[in-house]
Amino acid sequence: MVAMTTRSCPCGLPEPYEACCGRFHSGAAAAPTAERLMRSRYCAFVRRDGAYLLRTWHPGTRPERVDFDPGMRWTGLEILDTDGGSAFHSTGTVTFRASYRGGSLHERSRFERVDGAWVYVDGEFLE
């Protein structure tokens, strides 16, 4: 797990937010891989950016809205495995552990391309 500095993006990569997930959140760029979309969605949960989460959710599984738990404090993201999800794939999975104050969430998320853009389909909780 990459140590976060005050300048690093919440997704765990060393770039500042604006150069990392911020450009995806603003719409200036699209996540090039399923892993980068996963990281940007984690960051959107940290920042409570429901619009981005809905925009990057598969139309067939997208909820009407995203409700955030006001007491939830995300503390880190660890990518455990990826399968597919590159520029050369149309589907992919990302297995990750997202830590929060008091515990962690372990999930294998499925991603697909819709109109060329990566979107989150659904996830399976592990452990």
Side-chain angles (χ1 to χ4, degrees):
M1 199 151 136
V2 176
M4 283 184 18
T5 67
T6 56
R7 293 185 39 78
S8 63
C9 188
C11 80
L13 294 177
E15 296 102 338
Y17 167 76
E18 293 75 18
C20 193
C21 294
R23 61 200 172 103
F24 305 140
H25 293 174
S26 72
T33 65
E35 179 184 336
R36 286 304 294 259
L37 181 65
M38 164 57 239
R39 287 180 178 279
S40 72
R41 286 177 56 83
Y42 167 82
C43 187
F45 273 103
V46 170
R47 298 176 62 92
R48 296 193 167 115
D49 184 346
Y52 180 76
L53 291 167
L54 292 172
R55 196 165 69 244
T56 57
W57 214 306
H58 191 283
T61 57
R62 179 188 307 133
E64 285 187 30
R65 68 179 187 277
V66 178
D67 294 320
F68 296 101
D69 177 348
M72 179 69 78
R73 294 291 175 264
W74 296 101
T75 58
L77 176 66
E78 184 181 5
I79 302 298
L80 304 172
D81 188 43
T82 60
D83 184 24
S86 78
F88 304 105
H89 297 100
S90 57
T91 63
T93 62
V94 179
T95 304
F96 67 92
R97 180 172 288 110
S99 299
Y100 55 88
R101 198 176 297 150
S104 68
L105 171 79
H106 188 195
E107 182 178 308
R108 182 179 305 113
S109 294
R110 291 189 319 129
F111 297 88
E112 290 180 7
R113 282 187 190 266
V114 172
D115 297 328
W118 285 107
V119 293
Y120 169 79
V121 177
D122 58 21
E124 170 190 2
F125 293 115
L126 304 172
E127 289 180 45

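The structure displayed is predicted, hence computed values, not measured ones. Heavy-atom basis, side chains included; hydrogens, waters and symmetry copies ignored.
Of the possible donor and acceptor atoms, one in the side chain of R48 sits under 3.5 Å from a partner among the backbone N and O of D69. Side chain of Y120 to main chain of R62: no donor-acceptor pair is present (N/O by atom type, distance under 3.5 Å, no hydrogens or angles). Proximity of a side-chain donor or acceptor of R101 to a complementary backbone N or O of T75 within less than 3.5 Å is not detected. R55 contributes a side-chain N or O that, together with a main-chain N or O of H25, makes up a donor-acceptor pair within less than 3.5 Å.
In this structure, F96 and I79 have side chains that are in contact, with non-hydrogen atoms separated by less than 4.5 Å. F111 is not listed as a side-chain neighbour of T82, based on a closest heavy-atom distance of 4.5 Å or more. Side-chain contact check for P63 versus L54: some heavy-atom pair is nearer than 4.5 Å. P32 is listed as a side-chain neighbour of F24, based on a closest heavy-atom distance under 4.5 Å. Between E107 and F125, some side-chain heavy-atom pair lies under the 4.5 Å cut-off. Counting heavy atoms from C-beta on, the side chains of F68 and L53 come closer than 4.5 Å. Residues R108 and D81 are not in side-chain contact: their nearest non-hydrogen atoms beyond the backbone lie 4.5 Å or more apart.
Between W57 and V119 the shortest heavy-atom distance is C-CB, 4.1 Å. H89 and S86 get closest at one heavy-atom pair: ND1-OG, 2.8 Å. Taking every heavy atom of both residues into account, S26 and R23 meet most closely at OG-O, 3.2 Å. When every heavy atom of Y42 is checked against every heavy atom of P10, the shortest pair comes out as CE2-O, 3.2 Å. The shortest non-hydrogen separation linking M38 to S109 is SD-OG, 4.5 Å. Between V66 and G50, the shortest heavy-atom contact is CG2-O, 4.3 Å.
Remark: the R47 side chain and the Y17 side chain contain an N/O donor-acceptor pair separated by less than 3.5 Å. Looking at Y52 and S40, their side chains do bring a donor and an acceptor atom within 3.5 Å of each other.
Here T93 contributes atom OG1 and D83 contributes atom CG; the two are 4.5 Å apart, rounded to the nearest 0.5 Å.
One hydrophobic cluster holds both F45 and L105 under the rule that ILVMFWY side chains link at heavy-atom gaps under 4.5 Å. In the hydrophobic cluster analysis, where Ile, Leu, Val, Met, Phe, Trp and Tyr join through side-chain heavy atoms closer than 4.5 angstrom, W118 is grouped apart from V114.
The one candidate from E35, R41, R39 that meets the side-chain contact (heavy atoms from CB on, under 4.5 Å) condition with L37 is R41.
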